[in-house]
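Shown next, in structure tokens, is the structure this report addresses.
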Amino acid sequence: MEICGQIVSGEHGEIFIRQKSGETLEIGEMLAVGENPISIMMVYDLTYGSQLSQGNLELASGMHIEGMGAGLSFMEENLQNYVIAKVKAVAYVKKNVNGKYEASIPKSLPQFFSKVRKVTSADFEFLSDGKNAEHSLYLGCLRSGSSRLKDMEITIDGPDALTHHILITATTGRGKSNLVKAMLWKLLDKEYCGILVLDPHDEYFGNSAAPGMRDHPKAKENVVYYSPSASAPKGSITLRINTKSVKPWHFNGVVNITDAQSQAMHLIYQRYRDDWIRKMFEESAEAASLAFSDERTGGKSGIEAYLESRGVMEGTFAALKRKISVALDIFEEGGKIIEKGVFTTKETGIGAADDILAALESGKKVIIDTSRLSSYAEILVGSIIANKVFEKYAEYKSAGTLDGKPVVSIVLEEAPRVLGASDGEINVFGRIAREGRKFKIGLIGITQLASLIPREVLANMNTKIILGNEMEAERRAIIESAAQDLSTESKMIASLEKGEALVSSIFTKFAIPIYTPLFNDIVKETKAAESKQPVRKYVGSDD
Amino acid sequence: MFDNCVSKIADILSSQSASFEAGAPYFADSHYKAIPFDVSNFRKFAPKRNGSTLCFVDGGNLDIVSAPNFSIQFLRIASVAFKGGKRLPLSLPQRIESIALVTHASDLRKFKVQYFPLDDGQRQYLPQDFEISKSSFSNSQDELAQHPISAAGGAARKFAEWNYGARIIRECLDKGDIFVRDGALQVGLEGEEKFATDAYAAANDKGVIFSGFAKTSTLVTTTGFPLTASVQMLANKHNVGGAWYYAPLAENQNPRHLGDIFVGKFFEHSPYAFRFEIHNGAGREVGAIFEEIADNSRDLSFPGYPYGLVVADKLARVEMGERDALQARIKLQLSRVKGIRECIAATDAHKIISGL
């Protein structure tokens with residue numbers, strides 16, 4: 001047993017350990033006391049300790065730097081000066097009568113003056129005990145400070161974690177995308193969940209320059225990739241969504257629509273149902289006087305006349321149309337309808353949303369390249385699909401058939417865009433955040449700015465994967481809503497390196513420090529393992 | 001008002017300082033014949049390791065519970081040895097811990113001191129229980145003079161220091177090694193001489209240098225200045241730089257003080273000079289002893305003061321914080337002694353008042 005320090009004082013939640021000379025303790029490092037039971041502790045702060053008073057130390061320093069200390073040094077420096085680590089006990093692990101390790105939240109202090117050792121993988125056997133591998137959600141390997149216990153893979157229960165939502169927070173460059181890629185990669189051969197990824201950077205599917213989900217041995221069976229790009233890799237599906245799929249409520253929380261505009265929108269929808277958007281643009285384009293254009297309306301379009309008859313001001317319709325036009329990238333120009341985005345009023349893309357829903361329902365991972373879409377369009381696409389899933393799963397629940405369905409989780413980059421505080425109605429993502437778990441639907445929100453997400457929503461995201469973040473306000477927002485008391489971990493979070501994270505979840509006994517390996521390494525590892533088996537190739541691959 | 005008082009005091013001290021003259025060493029005791037200062041008596045030296053083992057011993061004691069009829073004291077005697085700049089483990093226990101009980105002897109002119117080591121195995125390192133005249137702790141012949149019973153705890157510690165030191169010399173040190181006790185070599189208590197003699201005999205038998213390092217000194221010069229300060233000022237006046245020692249200061253004929261007195265400065269930039277004594281110093285290579293001690297006095301915690309004594313002091317110190325815990329345990333045990341509360345009450349009223 002390698003001793004690295006000894007408990008010298010403290011209280012519950014703040015234990016002081018004197019570091020052994022020659023050892024280096026790090027913030028975030030896991031330490032252990034005992035063999036059975038084991039107290040597992042985490043270092044959250046480091047300070048200097050000395051047998052000398054501050055005045056003596058300053059005098060000694062003065063003698064050195066003022067040139068009067070020639071020949072002076074600390075005799076037995078290892079005894080006189082040292083490092084004090086502030087730690088808190090995070091888990092109390094004990095072998096039960098069946099020989100299995102069980103962890104509980106520490107309610108007592110480790111033995112005073114106990115010698116402290118560094119942790120080994122064996123100390124964390126309880127993390128894997130009793131877990132269903134088929135339902136696991138991979139997060140990385142256990143980390144102790146900057147050391148990685150590579151043989152201790154950290155997983156949590158996938159269905160639980162996904163339906164109770166996951167928030168991934170970090171500043172730029174700390175490994176958010178890498179973590180999500182790693183999670184998706186490991187989920188690709190799991191059937192318990194369908195994942196919808198709205199990919200604004202087109203980074204998850206992969207291409208010839210960078211590996212992605214398409215490189216997974218199960219990609220052919222389990223990955224569906226939509227892209228609006230003509231140059232998308234082979235095997236991808238062109239993303240076109242017919243406006244028939246777009247409903248007025250899909251705009252909730254996506255486009256800033258006034259009450260009057262919202263009412264107008266619903267009036268149009270009531271009248272034209274699935275064709276409501278096409279009619280808005282067609283009638284204006286043709287300046288036709290259909291249904292309600294007669295001498296009473298003064299030559300206005302049918303919709304305008306209809307709305308006016310219902311008390312909607314002319315300007316309201318004009319503003320509504322402009323907003324919808326911008327959101328859908330559909331314009332009226334010279335009497336023609338110009339469609340620049342993924343939305344179309346023509347007879348294509350009618351079944352896209354249903355196809356995506358079907359794929360998710362069968363446990364597939366659907367990646368939608370939204371890199372060429374406007375922010376509005378991207379969220380609208382997500383909103384349409386999310387609504388579809390929500391409605392369908394609500395039906396299953398009513399019918400009592402939900403249990404047999406896979407969990408559906410939606411990956412949202414820049415989550416505050418859709419989960420942030422809104423003056424208007426709560427959008428579908430907000431609804432999912434609040435009540436999605438009842439319908440087996442969850443969110444994986446990714447953000448740099450957790451503080452922009454309302455507290456209620458943050459509190460509902462029951463697994464937080466916290467990567468490095470120097471912004472104190474952001475750390476505070478996360479810490480205040482974490483599943484465990486992370487009030488002492490702020491400095492640690494600020495000092496996390498790329499790929500290092502802290503997982504705080506209602507499904508873990510304590511906030512677990514993890515390291516997620518580089519995605520490229522995970523791919524290589526999988527391929528190396530795969531090379532021992534018969535070669536398979538994704539038919540749509542272009543390399 | 002306060003500032004006026006302090007200002008007058010400062011004026012008086014300032015006028016003394018302005019008229020500073022080193023004068024000559026002054027010893028009131030006729031056993032010492034003072035030798036006037038002579039700048040040629042300064043000897044310079046440099047820190048050096050001569051291969052000797054340096055062993056330091058110190059002790060601490062604290063009155064834990066007391067009443068006019070008894071005093072329960074906690075004693076701790078500690079040693080630490082260095083060789084070549086590294087700590088050298090000794091075969092004897094590094095710390096001896098004992099409770100000492102002081103009571104009135106059947107001869108009421110004496111105190112009775114009994115040792116109760118915390119570890120029975122350490123009894124062998126402690127002196128035999130003894131009785132000591134109360135007059136050892138007061139010069140007054142007055143029948144009603146106070147002879148605080150707790151003062152006898154100091155005697156218990158001093159005797160234990162000598163005794164333990166003698167054991168260390170016999171069992172752990174070799175020829176040329178240096179033994180340093182905290183304090184001067186003068187013995188003052190009744191019965192102390194016997195322990196000192198035994199320790200010196202052990203040192204002589206083994207060829208070990210026996211010395212005493214006094215962190216404070218009350219010796220003065222004929223001008224009323226502290227002796228160590230006067231020697232330092234003399235050194236400054238005559239530009240005696242670096243580390244040095246000064247001797248002789250007196251011809252010592254005191255049979256209860258078998259040591260040659262030196263004043264030494266062990267680090268050039270230290271503001272401190274210390275009284276240092278060597279038993280049978282005349283027959284030694286004194287410079288080599290100072291070199292070796294100076295080498296051990298280069299720790300940044302207190303440059304110019306032996307690090308070994310810093311460590312021994314820390315090991316031996318009985319902290320006030322410890323007293324509270326010990327007091328609680330002892331009082332718990334004593335609670336079954338009939339009348340004990342009344343005995344303690346005879347002297348603890350001031351403590352009660354302080355707490356009000």
Side-chain angles (χ1 to χ4, degrees), chain A residues 2-12 14-24 46-84 86 108-115, chain B residues 44-49 53-56 78-89 94-95 180 215 241-244 265-272 290-317 319 321-322 325:
Chain A
E2 195 184 339
I3 300 302
C4 60
Q6 191 161 26
I7 295 173
V8 291
S9 63
E11 58 187 71
H12 192 261
E14 186 177 60
I15 297 168
F16 292 170
I17 290 174
R18 183 206 196 277
Q19 177 183 287
K20 184 177 185 291
S21 64
E23 295 287 341
T24 304
L46 297 166
T47 61
Y48 289 116
S50 178
Q51 287 295 294
L52 304 182
S53 69
Q54 188 60 26
N56 267 350
L57 288 168
E58 287 163 13
L59 178 64
S61 166
M63 296 195 78
H64 256 182
I65 61 180
E66 302 301 338
M68 292 187 285
L72 294 180
S73 61
F74 282 115
M75 294 186 75
E76 302 187 296
E77 183 160 15
N78 56 341
L79 288 182
Q80 296 199 65
N81 304 310
Y82 36 83
V83 168
I84 295 286
K86 290 183 188 174
S108 57
L109 283 168
Q111 184 80 32
F112 181 65
F113 230 54
S114 298
K115 287 180 177 163
Chain B
K44 296 180 70 165
F45 62 91
K48 190 176 169 190
R49 286 177 191 156
T53 295
L54 282 168
C55 181
F56 302 87
S79 67
V80 62
F82 290 87
K83 185 168 187 170
K86 297 262 191 313
R87 198 181 286 219
L88 183 73
Q94 192 173 35
R95 297 210 289 195
V180 185
K215 63 171 89 61
W244 47 255
K265 183 165 183 171
F266 293 85
F267 178 66
E268 178 181 8
H269 296 293
S270 169
Y272 295 90
F290 275 92
E291 286 167 6
E292 195 81 60
I293 304 269
D295 182 68
N296 192 262
S297 303
R298 292 190 292 168
D299 185 72
L300 278 162
S301 62
F302 194 169
Y305 185 81
Y307 175 68
L309 279 181
V310 172
V311 175
D313 175 76
K314 279 188 180 169
L315 289 171
R317 194 181 303 162
E319 304 276 2
E322 284 182 271

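Note that these values count all heavy atoms, side chains included, but never hydrogens, waters or copies made by symmetry. All values reported here derive from a predicted model rather than from experimental measurement. Below, chains carry the letters A, B, ... as their sequence lines are ordered, and counting in each starts from 1.
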How about [atom1] on [X], more than 12 heavy atoms from neighbouring residues, nucleotides or ligands closer than 6.0 Å, or not?
| X | atom1 | value |
| --- | --- | --- |
| A/Glu23 | CD | yes |
| A/Lys115 | NZ | no |
| B/Tyr272 | OH | no |

Under 4.5 Å from a heavy atom of chain B, the part of [X] involved:
| X | answer |
| --- | --- |
| A/Glu77 | neither |
| A/Met63 | side chain |
| A/Leu59 | neither |

Side chains of B/Asp299 and A/Phe74: closer than 4.5 Å at any heavy-atom pair?
->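 Yes, side chains in contact.
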B/His269 side chain near A/Leu72 side chain, heavy-atom distance below 4.5 Å |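 SC-SC contact between B/His269 and A/Leu72 ruled out.
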With a 4.5 angstrom heavy-atom cut-off, is it the side chain or the backbone of [X] that approaches chain A, or both, or neither?
| X | value |
| --- | --- |
| B/Phe302 | neither |
| B/Lys314 | side chain |
| B/Val310 | neither |

Test side-chain contact (heavy atoms from CB on, under 4.5 Å) on A/Met75 and B/Arg298 and set out the steps.
-> CA-CA 8 Å; A/Met75 294 186 75; B/Arg298 292 190 292 168; 5.9 Å; no
Hey, could you give me the CG/NE2 distance between B/Leu300 and A/His64, rounded to the nearest 0.5 Å?
->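 With rounding to 0.5 Å, CG (B/Leu300) is 4.5 Å from NE2 (A/His64).
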Nearest 0.5 Å, what's the CD-OG distance between A/Gln80 and B/Ser301?
->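 It comes to 4.5 Å.
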Which heavy-atom pair separates B/Phe267 from A/Met68 by the least distance, and what is that distance?
->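 Closest heavy-atom pair between B/Phe267 and A/Met68: CZ-O, 3.2 Å.
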